Amino acid sequence: MGITWAKAGCAVLVIDQVGFGERIETYPWDRDGVNARYVEGEQLYLIGSSLLTWMVWDAMRGIDLLLEQPNVDGKEVIVLGAVAGGGDPAAVTAALDSRVTAVVPFNFGEATPETSRFISYKSEWPMDLAEPTVGGWETTRVIRRNVVDQFLQWFICASVAPRRFVYSYELGWNVKDLPAWARYQKVYGLYHALDNLAEAHGFGPFPGPGEAEDLAPAQRRSLEPTLERWFGIPAAFADVQSSVLANLAERSSADRRPVSELTVLTPSIAPELHIRSLHEAAHEQGLAEVQTVRDQLAKLGPADRRQWLATHLAERLGNTDPNPNPQATVEWTKELPGTLAEALVLSVEPGITVPMLLLHPLRQGATRLPVVVAVAAGGKDLFLSQRSEQIEGLLKGGVAVCLPDVRGTGEPDRLRRLIRCLRWAIPHWANGFATCAQ
């Protein structure tokens, strides 16, 4: 690919992103870069950063390098994001770096469930659903707070306007049928720049033979006419018909070189550079940040430390101030040996209720009791079944125990999972009944 475009008169920079190529840090298995993106992304989350941040930074430094070359036109910088994980950093780089003239982020930029019109089970999902990515393991696509802040894939790509953008997928899907295409047309229309919006694609359905891991000849064939129109780059496959797509790989393989000729970090060079692995660099950065915070907190008193912690937690978690007027309803009460049990329902927000069990030790007088609030992923049922002795000890010691089912746990979680299962099952049951009737 690089040699083909170089012969067409372009300066081509091909970089190895973190976790790929010569920078691989996991097992050198086929497509293990997918696993690397998850592992390395989780490591960087621990220090408040993200893998996408590192990838975009590297891409920007690559643009710096290109623009230092005397034969490079700084007004015609094209960023291509390959199929398997390159579209995300390419799109974000273009959104953040105005030096990018055009961007082609393959498999990135959908507005609703990705490829919802072409994968059967997703076609049943509501079209206004905001889905951040195709899988939670994609740490470069699952951008922090991207749903709640509406920082979704299509929005990232649309922010490139009015610069040039190619909405692209690896397979033979007509992306103009996707909801995002209408959004892109509206945005580019506002800039009177519809000529700067284009599409590219490969061939075939999913799953199928058209699946790719990079910008294969099939994907480049549909992209080349756009690059020729925008930048005058000659098209290598313009005369090739779709019926002979199988021959594209053969036509483009003549210039392919063995890995040994393309290696940059050769065994003689690599030791001199003292390259650290990602987790080593992240660990060093994390320790430095922790020490800085500890130095700040050492100068504060206990009350100021609590206020500092509350402020910084709110920055990461959102609004942490409790509802000043929650509505609580007692559903039932039961008197047990030495204990009064109350079942409560607490309405903390409209439509959000928290069921809880409050256990009081039976005592004379109006003395206010200390209380222990216990939460777990399994909800209050887990405490009652596995921590009954500890709860009994607290009650005998004059301590009340509150067991709430916070969001995503206990009763609300079981109800949510039941509803989700029914939403999936009912259409399939209906199809089955219809088939039986036929």
Side-chain angles (χ1 to χ4, degrees), residues 45 48 111-114 116 122 124-136 138-139 141-155 306-334 339-360 368-387 391 394 399-427:
Y45 281 151
T112 58
E114 194 162 10
S116 59
K122 286 195 172 185
E124 301 169 1
W125 296 2
M127 295 308 293
D128 59 349
L129 176 67
E131 186 194 36
T133 181
V134 295
E138 280 283 17
T139 54
R141 298 189 191 188
V142 186
I143 302 171
R144 179 177 175 270
R145 292 180 58 87
N146 62 347
V147 172
V148 68
D149 291 336
Q150 291 293 288
F151 193 59
L152 300 170
Q153 292 186 15
W154 82 270
F155 190 84
R306 286 194 295 270
Q307 183 59 46
W308 183 96
L309 180 61
T311 300
H312 284 76
L313 282 176
E315 291 176 358
R316 288 158 176 78
L317 301 176
N319 182 20
T320 57
D321 293 331
N323 183 352
N325 299 301
Q327 301 298 314
T329 304
V330 179
E331 298 295 332
W332 53 260
T333 60
K334 292 182 181 180
T339 303
L340 179 65
E342 290 184 284
L344 305 173
V345 173
L346 183 67
S347 298
V348 293
E349 292 181 37
I352 303 296
T353 58
V354 178
M356 62 178 63
L357 194 63
L358 183 59
L359 305 174
H360 305 265
R368 297 176 68 88
L369 300 175
V371 61
V372 169
V373 180
V375 296
K380 58 183 180 300
D381 292 348
L382 179 67
F383 280 103
L384 293 173
S385 62
Q386 299 186 19
R387 294 290 185 269
I391 293 174
L394 289 170
V399 178
V401 178
C402 180
L403 304 176
D405 283 339
V406 296
R407 302 184 197 189
T409 69
E411 294 179 50
D413 183 56
R414 289 195 296 271
L415 181 60
R416 177 184 59 83
R417 283 183 288 172
L418 175 61
I419 293 173
R420 185 173 62 183
C421 289
L422 289 175
R423 284 177 176 172
W424 176 88
I426 289 175

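Remember, predicted model here, so these are calculated numbers, not experimental data.
When all heavy atoms are compared, the tightest approach of P404 to A374 is CD-O, 3.3 Å. Shown here for K380 and P355, the closest heavy-atom pair between the two residues is NZ-CB, 4.4 Å. Of all heavy-atom pairs between L382 and A376, the closest is CD2-CB, 3.7 Å. What you find for E411 and D405 is that their closest heavy atoms are N-OD2, 3.2 Å. When all heavy atoms of S347 and N323 are compared, the closest pair comes out as O-ND2, 4.2 Å. Across all non-hydrogen atoms, the minimal contact from V375 to V406 is CG1-CG1, 3.9 Å.
Atom CG of L403 sits about 5.5 Å away from atom CG of L359, to the nearest 0.5 Å. Taking CD1 of I352 as the start and CG of L346 as the end, the distance is 11.5 Å to the nearest 0.5 Å. Remark: L394 CG to T339 OG1 distance equals 11.0 Å, nearest 0.5 Å. Considering CD of Q327 and CD of E349, their distance stands at 13.5 Å, rounded to 0.5 Å. With rounding to the nearest 0.5 Å, the separation of CG in L357 from NZ in K334 is 9.5 Å.
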Does the pair E315 and T311 meet the rule for a side-chain hydrogen bond (donor to acceptor under 3.5 Å, both in side chains), with working shown?
-> CA-CA 7 Å; E315 291 176 358; T311 300; over 6 Å; no
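Shown here is E331, whose CD atom has more than 12 heavy atoms of other residues, nucleotides or ligands within 6.0 Å.
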